[in-house]
*Asks:* 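Here it is: the structure, laid out below.
Chain naming here is simple, since letters A, B, ... match the order of the sequence lines and numbering starts at 1 in each.
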Amino acid sequence: MHATPAPIVSIEDLSRYVGQVVTLRGWLYNKTGKGKLAFLQVRDGTGICQCVVFRPSVGDEMFAIADKLPQESSLTVTGAVKADARAPGVPGGYELDVQSLQVIQRAEDYPIGPKEHGTEFLMDHRHLWIRSSRQWAVLRVRATVMRAIRAWLDDHGFIEVSTPILTPSAAEGTTNLFEVDYFGDKAYLAQTGQLYNEANIFAFNRVYCFGPTFRAEKSKTRRHLTEFWMVEPEIAFCDLEQLLEIEEQFVSHIVQTCLRENADELRVLGRDVSRLQGIAPPFPRMTYDDAVATLQDIHTRLKAGETVEAHGGVPLQGIEDPDLLKIEWGMDFGSPHETALTQLYDKPVFVVGFPSAVKAFYMEPYPGRPEVCKSADLLAPEGYGEIIGGSERISSGELLEQRIQEHGLPMSAYKWYVELRKYGSVPHSGFGLGVERTVAWICGIEHVREASPFPRLLNRLYP
RNA sequence: UCCUCGAUAGCUCAAUGGUAGAGCAACCGGCUGUUAACCGGUAGGUUACAGGUUCGAGCCCUGUUCGAGGAGCCA
C-alpha cells in the first residue's frame, strides 16, 4: 500500500493545515542554521514560510543538501505544518517540520543579498528585485489598488471603455509626447484618454478608461515616471461639486480595501497604518485663492525664522529653501507648494478653482469669474503630491472653439471633440487618478519607481 | 536644461598626498531554535574613463561618462 502523497498547498493557506503533512513549491528566500538545524525561508509567491530541517530527522545526506543550498534555488519541500510563534515569514507564525526536500535547480551566485544595495544596482536587477519581500509587498498592494479601482467603478454604474494609446497629433507642444512612426505619418503615445472619454459618456453615461499613459517629460523626481497607469472616470450630468463627492468616496474605498486585504504587506513595509485608517469622506476643500494666501503666510513666517506647525502640531517638514514657496495669484503650484499644503491635513485635500490660464483649455469657467475654472486637484497627505486632477468640462461649443483658438491649437484636430457639444451637450465632469502615486502613498515608499513592476524613467529603459 | 552630491572587492562602505581595509556575500570548519544568527579560517582590487600637478595621487586640478537628490518641465 502506498502512502497518500502530501497535498501541494500555498503558504497563504498554511494555517488551515496545522498538523498535516503538506508540500510547498517555491524558492529559497534566505537561510540560517545552527549545527544540526537548518532554517530555510521558502517563498512561493503567496508568502514566506520557515522550513525547519533537523539533521537526525532527514539524514546526513539530505541535511547537507539543505544546509548548502544557495539563495533563490527552486525546490519542493514536504513536511508537517506546525504553529510556532517563533516562526518568521509572511504571514508567519507557522512553519514546516521538514521530512524531505527536492532541489529543482541550484541557483548559483544570486546577486541580491540580504544586505543593503544601491538604487542603480537594484534597478539594473529589477527582474530579480521584485522577488524581495518589500517589492513583493508593494506590487501586491498595487494589484489591490487596481482591483479596488475597477470594483468601485463597476459597482457605481461605470463601464470600462478603452481609449486609444496611439493618437494623432492633437496638442500644441508635442515635446512631452513620445513620437512613433505610423506608416510614414507621425503618431503619439497617449498621455490621456480624456477626450475620448468625453465622446464615450454620450453613448454610455458613466465611463472610465484604465491603462498606461506616457509622458516624455525630462522630470527626474521621486514622483515622475515616463510610463504610468492612470484611471480616468468621466461622468455625464455631473458638476464639480458632485465630482468631488465621487472622488472622495472612490479614494477612500481604495485605501480601506488595501488596509483590509493587505495588512501583511503593509506590515512588511513598516507602514504606519494609523495615517491611513482615518481616510474617509469628507476630504477638506480649499480654494486656490485660500491656498495661495496660506502659502504666502507660510513663506513670510518661515522667512521670519518662525516655526510653522503642520497637522498634529509637528513642524513643517521637507522645505529646504523657504523661497521655493514664493507664489503669487495666477501661478501654478510647484511640488514644494504641494508638499507644504498637504502637511496641514491628515487627509487628502482638494484645491479647487485654479486660474484658467494654468489649466487645460477644456475646463469650465466659473460664472461671473472667468479667470478661474471649475478644476480640482486632490493632493495626498505626507507630501505625496497630486494624485488626482479633475474638472468640469466646457459644455458650450462656442466657448470651446474660442478656447482652442486662444491656446493656438489646430481646430481641425479637435473637430470631432467640438462636435460632441453640438449633439445633446450636457454638463459633465471627470478626473484622472495616478496609480503609482496612489500606491506609493498607501505603501509609504519614497519613490514611485518601486510602485511599478518595471518602471520607465528618464534614464531607465532596462530591464 | 540648471543646481548639489557621488563613482574604491560581487554588494554596502572606510582609507591626513606616503604599503588599499572592514562588514556582508562566496568557499572551508564549528554549533539543536535561528530571525540581516554567531564564532574561527580562506580567497577576493586596472580605486568609472582620459589627461595633468607631484619624488609620490583613491585623495589635488581639467575634461568625459554614468548615477542619486532637487529645481524647471508636468494641457
*Asks:* When the P atoms of B:A48 and B:G6 are considered, how many whole Å apart are they?
*Replies:*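 That atom pair is separated by 13 Å.
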*Asks:* Say you pick atom P in B:A15 and the same atom in B:A68; how far apart are they, in whole Å?
*Replies:*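 Going atom to atom, P in each nucleotide, I get 24 Å.
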*Asks:* Please determine whether a side-chain nitrogen of the Lys or Arg among A:Asp264 and A:Arg267 lies less than 4.0 Å from a carboxylate oxygen of the Asp or Glu.
*Replies:*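 Salt bridge present between A:Asp264 and A:Arg267.
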*Asks:* Please list each protein N or O that sits under 3.5 Å from an N or O in nucleotides 27-30 of chain B, with the distance.
*Replies:*
none

*Asks:* Side chain of A:Phe39: nearest nucleotide among B:U34, B:U32, B:G70?
*Replies:*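 Looking only at heavy atoms from C-beta outward on A:Phe39, the closest nucleotide is B:U34.
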*Asks:* OP1 or OP2 of B:A75 sitting under 4.0 Å from any side-chain N/O of A:Lys359?
*Replies:*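 No.
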*Asks:* Starting the side chain at C-beta, find the nucleotide from B:G33, B:G70, B:C73 nearest to A:Arg222.
*Replies:*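 The closest nucleotide is B:G70.
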*Asks:* Considering only side-chain heavy atoms of A:Glu116, which listed nucleotide, B:G67, B:U34, B:A36, is closest?
*Replies:*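 Selected nucleotide (nearest to the side chain): B:A36.
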*Asks:* May I ask you to verify if any side-chain N or O of A:His447 is less than 4.0 angstrom from the OP1 or OP2 atom of B:G69?
*Replies:*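 It does, given that an N or O in the side chain of A:His447 lies less than 4.0 Å from OP1 or OP2 of B:G69.
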*Asks:* Using OP1 and OP2 only, check whether a side-chain N or O of A:Ser335 sits under 4.0 Å from B:A71.
*Replies:*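 Yes, A:Ser335 has a side-chain N/O under 4.0 Å of OP1/OP2 on B:A71.
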*Asks:* Select one nucleotide: of B:C66, B:C74, B:A68, the one nearest the side-chain heavy atoms of A:Glu120.
*Replies:*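 Side chain of A:Glu120 sits closest to B:C66.
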*Asks:* What nucleotide, of B:C74, B:U34, B:C73, holds the atom closest to the side chain of A:Ser219?
*Replies:*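 Of B:C74, B:U34, B:C73, B:C73 is nearest to the side chain of A:Ser219.
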*Asks:* How far, in whole Å, is B:U42 from B:U47 if one measures between their P atoms?
*Replies:*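 My reading of the P atoms in B:U47 and B:U42 gives 25 Å.
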*Asks:* Considering only NZ, NE, NH1 and NH2 on the basic side and carboxylate oxygens on the acidic side, decide whether A:Glu72 and A:Arg43 come within less than 4.0 Å.
*Replies:*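 Looking at A:Glu72 and A:Arg43, the cut-off is met.
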*Asks:* Pairing donors with acceptors under 3.5 angstrom, does anything connect the side chains of A:Asp332 and A:His337?
*Replies:*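 No.
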*Asks:* Please report the distance separating the C1' of B:G17 from the corresponding atom of B:C74, rounded so that it comes out in whole Å.
*Replies:*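 So the two C1' atoms sit 47 Å from each other.
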*Asks:* Are the aromatic ring centres of A:Tyr288 and A:Phe333 under 6.0 angstrom apart?
*Replies:*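 Ring centres of A:Phe333 and A:Tyr288 closer than 6.0 Å.
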*Asks:* Of the options B:U12, B:G67, B:A75, whose atoms approach the side-chain atoms of A:His117 most closely?
*Replies:*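 It is B:U12.
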*Asks:* Check whether the side chain of A:Lys82 and the base of B:G33 form a donor-acceptor pair under 3.5 Å.
*Replies:*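 Under the 3.5 Å cut-off, the side chain and the base do form a donor-acceptor pair.
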*Asks:* Can you figure out which of B:G33, B:A71, B:U12 approaches the side chain of A:Leu324 most closely?
*Replies:*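 The listed nucleotide nearest to A:Leu324's side chain is B:A71.
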*Asks:* If you assign each of A:Tyr110 and A:Gly35 to its closest nucleotide in RNA chain B, which residue comes earlier from the 5' end?
*Replies:*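 It is A:Tyr110 whose nearest nucleotide is closer to the 5' end.
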*Asks:* Below the 4.0 Å mark, does B:C66 have OP1 or OP2 next to a side-chain nitrogen or oxygen of A:Arg460?
*Replies:*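 A:Arg460 to B:C66 OP1/OP2: no side-chain N or O under 4.0 Å.
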*Asks:* Checking A:Trp229 side chain against A:Glu436 main chain: does a donor-acceptor pair fall under 3.5 Å?
*Replies:*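 It does not hold such a pair.
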*Asks:* For the side chain of A:Glu217, counting heavy atoms from C-beta on, which of B:C74, B:G70, B:G33 is nearest?
*Replies:*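 From the listed options, B:C74 comes nearest.
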*Asks:* Does the side chain of A:Arg223 get closer than 4.0 angstrom to OP1 or OP2 of B:C73 through an N or O atom?
*Replies:*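 A:Arg223 to B:C73 OP1/OP2: no side-chain N or O under 4.0 Å.
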*Asks:* Select one nucleotide: of B:C74, B:U12, B:A68, the one nearest the side-chain heavy atoms of A:Phe121.
*Replies:*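 Closest nucleotide to the A:Phe121 side chain: B:U12.
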*Asks:* Can you sort out the partners of A:Cys209 under side chain to side chain contact (heavy atoms under 4.5 Å, CB included), two or more places apart, ordered by chain and number?
*Replies:*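 Here the qualifying residues are A:Thr163, A:Asn197, A:Glu232.
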